[in-house]
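Since we're looking at a predicted model, the values are computed, not measured. Numbers for residues simply follow the sequence, beginning at 1.
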Amino acid sequence: MGTTTVGPPPAEEASIARPHLVIEGSTVELEMIFSAPDIFQSGLWSSAADMNRWMQFLIDGGRSGDRALVSQESITETWTPQMVVRRPYHPRRNSVDAHGFGWRISTRHDSLQLSHGGGGAGYMSHILILPSRGLGVVVLTNTAMNPVPDLAGAWILNRVLGVEAPDPREGAKRMLARMTESRRAAHLWTLEEHDPARPPPLPLTAYTGTYTDFFFGRVNVGVEGDRLTFSYHDVALDVHHLHDNVFLFSSPLFDDLRSEFVISSEGKVTGVTVPIGPKAKPVVFRRPSADRPSN
């Protein structure tokens, strides 16, 4: 897999698919964003050819040509359900839905199906494998927040298996519309928390500075006019004050981040909590004491 790298490949490689985002019906190109957390959750950059080799390696039970690199037993263990996915009971549904080691495990037309999705800022991908049928599909897209990889992968497998499948483009349009409306409704609901009677208790300049977390990197807070500015890895987010020390940071690239500045007993801003961790658990970005202005 010679074209697969941890992190983006060298910038001089002209064949890199650039990241994009659809904003109000228009597709815009984004700057590449890569930070330490991405190494663990979406840090591998690959190509269609290399992903084909990876799927063939798995279908062949850990073999590359005549060489056995991983035992079939080890491969099979990663495909063994470890945690059942809860869902409503259906008396006529005879299928598996579980998590294995790195795989979502289910069934498609009575065959074991392995799947896994991924993506980063400006990218989405999905892989589907039916080992017993020797079939694998990977869908790579360079647009964020889109349902195409899941739908297209399932459509391709169904076509190969001779099963009638609806056009994934129509399904993608409907899912994208639902996703957009859901995000819009959630944003408006959060903005209802705004209370003009509870302004920030400190001057806006007291909140400015660079805040860091060992794992997630840095965020920068500044002031423009009568509003704060907020950026995460140089991506600017919209800032809305809700009440007191609570602000809403929002961007089409991220879910809304309802965040709160941390104030010390001396009345100095020492950090900001941002819900970007697992299951939106707040991460506290801290500001070095030397960077804390006098309030």
- request: Applying salt bridge (Lys or Arg N to Asp or Glu O under 4.0 Å), run through E181 and R178 and close with a yes or a no.
  value: CA-CA 5 Å; E181 177 57 27; R178 287 197 295 268; over 6 Å; no

message: What verdict does the side chain to side chain contact (heavy atoms under 4.5 Å, CB included) test give for T76 and T78, after you've listed the backbone C-alpha separation in whole Å, the side-chain angles of each residue and the deciding distance to 0.1 Å?
response: CA-CA 5 Å; T76 301; T78 68; over 6 Å; no

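- Both V283 and V221 are members of a single hydrophobic cluster when ILVMFWY side chains are connected at heavy-atom separations under 4.5 Å.
- The two residues V137 and V139 come nearest to each other via the heavy atoms CG1-CG2, 4.1 Å.
- Side chain of H194 to backbone of H241: a donor-acceptor contact under 3.5 angstrom is found.
- Taking the six-membered ring for Trp and the full ring otherwise, the centers of H187 and H240 sit less than 6.0 Å from each other.
- Inter-residue side-chain proximity for V274 and F285 is flagged as met; some heavy-atom pair is nearer than 4.5 Å.
- Between L21 and T27, every side-chain heavy-atom pair lies at or beyond the 4.5 Å cut-off.
- Counting heavy atoms from C-beta on, the side chains of F249 and Y232 never come closer than 4.5 Å.
- Between F230 and V219 the shortest side-chain heavy-atom distance falls below 4.5 Å.
- Residues F101 and W79 keep their aromatic ring centres 6.0 Å or farther apart.
- L112 and L128 are members of different hydrophobic clusters when ILVMFWY side chains are connected at heavy-atom separations under 4.5 Å.
- Nearest heavy atom pair, residue D213 against residue V284, reads OD1-O, 3.9 Å.
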message: I'd like to know whether K268 forms a side chain to side chain contact (heavy atoms under 4.5 Å, CB included) with I263, so could you lay out the CA-CA distance, the side-chain angles of the two residues, the decisive distance to 0.1 Å, and finally the verdict.
response: CA-CA 5 Å; K268 295 184 179 295; I263 311 299; over 6 Å; no

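- Taking all atoms of both residues into account, the shortest heavy-atom contact from V84 to A98 is CA-CB, 4.0 Å.
- Considering only residues two or more places apart in sequence or on other chains, R183 meets the salt bridge (charged side-chain N to carboxylate O under 4.0 Å, His left out) condition with D255.
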query: Can V246 and R258 be said to form a side chain to side chain contact (heavy atoms under 4.5 Å, CB included), step by step?
result: CA-CA 7 Å; V246 180; R258 182 188 179 281; 3.8 Å; yes

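- Under the 4.5 Å side-chain contact rule for hydrophobic residues, L257 and F215 share a cluster.
- Residues passing the side-chain contact (heavy atoms from CB on, under 4.5 Å) test with S132, sequence neighbours excluded: S111.
- The CG atom of L202 sits 6.0 Å away from atom CG of N245, with the distance rounded to the nearest 0.5 Å.
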Verdict with supporting geometry, S106 and Q113, side-chain hydrogen bond (donor to acceptor under 3.5 Å, both in side chains): CA-CA 5 Å; S106 58; Q113 175 178 275; 3.2 Å; yes

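- Taking the six-membered ring where the residue is Trp, F247 and Y207 present perpendicular rings, their angle passing 60° and hence far from 30°.
- To the nearest 0.5 Å, atoms OG (S182) and CE (M175) are separated by 11.5 Å.
- Side chains of T143 and N146 form a contact here, defined as non-hydrogen atoms less than 4.5 Å apart.
- Of all heavy-atom pairs spanning V272 and S259, the tightest one is CG2-CB, 4.2 Å.
- In terms of modelled atom types and a separation under 3.5 Å, the side chain of R287 and the main chain of V269 share a donor-acceptor contact.
- Between the S71 side chain and the S74 main chain, a donor and an acceptor come within less than 3.5 Å of each other.
- Rounded to the nearest 0.5 Å, atoms CD1 (I129) and CD (Q56) are 10.0 Å apart.
- For the pair T270 and S264, the minimum side-chain heavy-atom distance is below 4.5 Å.
- Shown are N52, T4, T3; of these, the side-chain hydrogen bond (donor to acceptor under 3.5 Å, both in side chains) with S46 is made only by T4.
- Side-chain atoms of D195 do not come within 3.5 Å of backbone N or O of H243 as any donor-acceptor pair.
- Between L114 and P131 there is a side-chain heavy-atom pair separated by less than 4.5 Å.
- Expressed to the nearest 0.5 Å, how far CG of L69 lies from CD1 of I75 amounts to 9.5 Å.
- Hydrophobic cluster membership is shared by F261 and L204, with clusters built from Ile, Leu, Val, Met, Phe, Trp and Tyr side chains linked at under 4.5 angstrom.
- Other residues, nucleotides and ligands place no more than 12 heavy atoms under 6.0 Å from the CZ atom of R169.
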- request: Step by step, work out the side chain to side chain contact (heavy atoms under 4.5 Å, CB included) result for R218 and N220.
  value: CA-CA 7 Å; R218 74 180 189 282; N220 293 296; 3.6 Å; yes

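- R53 pairs by the salt bridge (charged side-chain N to carboxylate O under 4.0 Å, His left out) definition with D50, not counting sequence neighbours.
- Minimum heavy-atom separation, H116 to G102: ND1-O, 2.8 Å.
- Remark: the backbone N or O of M124 is paired with a side-chain donor or acceptor of T141 at under 3.5 angstrom.
- Using a 4.5 Å heavy-atom threshold, the side chains of L135 and L157 count as touching.
- Shown here are the salt bridge (charged side-chain N to carboxylate O under 4.0 Å, His left out) partners of R159, two or more places apart in sequence or in another chain: there are none.
- When every heavy atom of S125 is checked against every heavy atom of G119, the shortest pair comes out as OG-N, 4.5 Å.
- Qualifying side-chain contact (heavy atoms from CB on, under 4.5 Å) partners for W54, counting only residues two or more places apart in sequence or in other chains: M1, M51, F57, L58, I127.
- Checked against side-chain contact (heavy atoms from CB on, under 4.5 Å), T229 has the following partners two or more places apart in sequence or in another chain: E224.
- Once rounded to the nearest 0.5 Å, the distance linking OH of Y211 with OG1 of T208 reads 7.0 Å.
- The structure places CD1 of I105 at 7.0 Å from CD of Q82, a figure rounded to the nearest 0.5 Å.
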